[in-house]
Number of protein chains: 2
Amino acid sequence: MSSITKSKSVTAEEITAQLSDAVHEHRLKPGAKLREDEVSDVFGVSRTVVRQALRAMAFEGLLAIEKNRGAFVAKPTLKEAHEVFQARALLEPSTARAAAERTTPEDIALLERHISEEHDALDKGKPGLALKLSGDFHLEIARIADQQTIEQFLKQLVSRSSLVIALYWKRRNALCESNAHHALVDALRNHNGSSAEDLMKGHLLDIYSQLDLRESDEGSTSLKEALRR
Amino acid sequence: MSSITKSKSVTAEEITAQLSDAVHEHRLKPGAKLREDEVSDVFGVSRTVVRQALRAMAFEGLLAIEKNRGAFVAKPTLKEAHEVFQARALLEPSTARAAAERTTPEDIALLERHISEEHDALDKGKPGLALKLSGDFHLEIARIADQQTIEQFLKQLVSRSSLVIALYWKRRNALCESNAHHALVDALRNHNGSSAEDLMKGHLLDIYSQLDLRESDEGSTSLKEALRR
DNA sequence: TCCTGTATTATTGTATACAATTATTGCCTA
DNA sequence: TAGGCAATAATTGTATACAATAATACAGGA
C-alpha cells in the first residue's frame, strides 16, 4: 500500500479504485486481509465509507468478505479460474468483432499509447503495472464496441483474471502478449471484424494455456484455514 | 410492498431478496423510490443494513442510486435493453449446450415443477410471479451447466430483463413462452446439446422480438424528472 | 508437553447521532 | 398570478458508540 495518497475527503469510489489497482498490480496478494480500521486510518475516513469500498470490491470478485472475519483478497479456485476464461471466451471475441466496425483513429491512438505504456512498465521492472495495463487494453475494446453491459462484466472478469494469474501463472518472467495486442490493433484499424474476432479468440487461448490449471491442493491453503470450514 | 414480512432480526440478504422479488414481480415499478428509513421501518432494522441491501441491488442493476437523492428502481434505456439481450444471446445458448451434457433426472423434475408453477401463477392471475419464475428457469439452466460465473452474470441480466419487460413489453396479456421452455427441457433430457443451444437462441430472439424497442421519448419520464437532468 | 477451557483482546456488525444536501413550503415582489 | 428567494422540512452521507462475534493468550490438569 505504498503509493496510496491521502487527501482531505476521500470517496468510497477512490478507495475502491486505489485498492483495486493494488490488487491488480499484485501489491496486495490473494489471501491478504484488509482490516477496516487500518484502511480507514490510511485514507482518513470512517469505517462506514471503507465498508462501502470493500463491499463494492467484493461484488467485483476482488475480495471475499467472510462474516465476522473480514475482507480478504480473493483466491479463485481452479474451477473459478476455468470459468473466468470460459466466460471471456464467450464475450470477448464477438465484442472485438463489433469493435472493429466502430474503431476510430482516436481509438487506435489510444490503444497504441496503451501498448507502449505497457512496454515501458515492463522495461522499468514493473510487471504488475504492465499486467494491469494489459487488462485495461481488453476493457478498452469493449468500450470501443460501445457495449457497456459487456464492458461491466468484462471488468469483473479481467479483475478475476488478474488474481488467477497471480495464483496460477507458470513462469514469472514471460515476455508474453504484446504481439497479440499489436495484431489486434491492426485488425481494428482495418475494420477487419472477423480477423479481430479470431485474434482475440487465439489471444485468450494463449493466455489460458500459459496458466498451470492442473488439479492440485488448491494453492497454499493452510491446515488451519482448511479446518475452519 | 404488501407481502413483505418482518421478523426479529432481518439480514441485508433477506431484504435484498424480498425487494428483488418485488421488483421482478413488478410490484415495485421502474422509477419507484425506496427511502431508507421507510424500508428500515418495514423490516425493523437500522438504515445501516438497509443501505447494504440497496447497494447490493444497485450492483445487480436493479436500482440506480443517485448521490444525495436516493435509490430508485432502475429504468433501463433502449440501449441498455438491447445490450442486455445481446449479452444473453452470447452467454445462454452455449450454456444450454453445456447443461445438456450434465442434466440429471432430478434437474428435469425440478425444471418441470418450475414450468407448472409458472402455469399456475398465470392461471391465478399473477403474471408478475410467472415472469419471475420464468427468469429463474433460465438461471436454473446455468446452474445445471455448473457455471457459477456465468450464472452470476445471468442473474444480473435476468433482473434487468425483468425491468426491460416492464418498460417495453408490447402486449400485456401474451400467453408467451411456455412451449419454448418445454422444448428446452426435452432437449436437456435427451442430452441433445446442439438442440438445446438452438432452442435457447430462438427463445431469446422470440422474447426480444416481442419487445417494443423502437426509438421513443424514453418511456414515461415525467416532465419534472425530465427537466432535472 | 500437549490439550482444553476460560479470560482477554481484537475486529467486525449494527444502531444512532449529527452533518451535508436536497426538496418543499410560504412569502414577497413585480 | 408567476417567479424567485428564504426558511423549513425531509432525506441522504458520514462518523462514532456500542454490541456481537471471532481470534488470541493464558492458566490448569492430564
Side-chain angles (χ1 to χ4, degrees), chain A residues 1 4-19 28 31-59 62-75 220-229, chain B residues 1 4 6-19 28 31-59 62-75 221-229:
Chain A
M1 270 197 249
I4 280 170
T5 60
K6 51 173 112 171
S7 81
K8 215 195 86 185
S9 182
V10 187
T11 70
E13 285 72 29
E14 290 170 319
I15 296 176
T16 304
Q18 293 204 36
L19 290 180
L28 284 170
K33 178 169 184 179
L34 290 132
R35 275 191 298 118
E36 294 177 354
D37 47 4
E38 183 179 354
V39 178
S40 64
D41 281 351
V42 170
F43 287 96
V45 290
S46 77
R47 279 174 54 215
T48 308
V49 44
V50 169
R51 284 171 71 91
Q52 273 182 51
L54 296 183
R55 285 183 176 276
M57 291 175 70
F59 272 104
L62 247 50
L63 301 183
I65 292 180
E66 300 177 28
K67 172 151 176 153
N68 282 320
R69 298 222 327 116
F72 304 83
V73 178
K75 298 206 272 186
S220 60
T221 314
S222 71
L223 175 63
K224 197 163 58 177
E225 261 174 309
L227 293 177
R228 181 169 295 134
R229 46 194 76 192
Chain B
M1 270 198 254
I4 281 169
K6 51 173 109 173
S7 82
K8 217 198 88 186
S9 183
V10 187
T11 69
E13 285 72 28
E14 289 170 321
I15 297 176
T16 303
Q18 293 204 37
L19 290 179
L28 283 171
K33 178 168 185 178
L34 291 128
R35 274 191 300 115
E36 294 177 354
D37 46 5
E38 183 179 353
V39 178
S40 66
D41 281 352
V42 170
F43 287 95
V45 290
S46 77
R47 281 174 54 216
T48 309
V49 45
V50 170
R51 286 171 70 90
Q52 274 183 51
L54 296 183
R55 285 184 177 277
M57 292 175 71
F59 271 104
L62 247 50
L63 300 182
I65 292 180
E66 301 178 26
K67 170 152 178 153
N68 283 320
R69 298 223 327 115
F72 304 83
V73 177
K75 298 206 272 187
T221 315
S222 72
L223 175 63
K224 197 162 56 175
E225 263 175 306
L227 293 178
R228 182 170 295 134
R229 45 194 78 190

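Fair warning: this is a prediction, and the values are worked out from it, not measured in the lab. By convention in this document, chain letters (A, B, ...) are assigned in the order of the sequence lines, proteins followed by strands, and residues within each chain are numbered from 1.
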### Query
With no hydrogens and no angle check, is any side-chain donor or acceptor of Lys75(B) less than 3.5 Å from a backbone partner on Ala64(B)?
no
### Message
Name the residue from Met57(B), Arg51(B), Gln52(B) that meets the side-chain contact (heavy atoms from CB on, under 4.5 Å) definition with Arg55(B).
### Response
Arg51(B)
### Query
So Leu19(A) and Leu54(A), side-chain contact (heavy atoms from CB on, under 4.5 Å) or not? Walk me through it.
CA-CA 9 Å; Leu19(A) 290 180; Leu54(A) 296 183; 4.1 Å; yes
### Query
How far apart are the C-alpha atoms of Val73(B) and Leu62(B), what are their side-chain angles, what is the distance that settles it, and do they pass the side-chain contact (heavy atoms from CB on, under 4.5 Å) test?
CA-CA 6 Å; Val73(B) 177; Leu62(B) 247 50; over 6 Å; no
### Message
Please find the pair of heavy atoms, one from Val10(B) and one from Phe43(B), that lie closest to each other, and give the distance.
### Response
CG2-O, 3.5 Å
### Summary
B/S/- along nucleotides 11-16 of chain C (protein heavy atoms under 4.0 Å) is SBBBBB
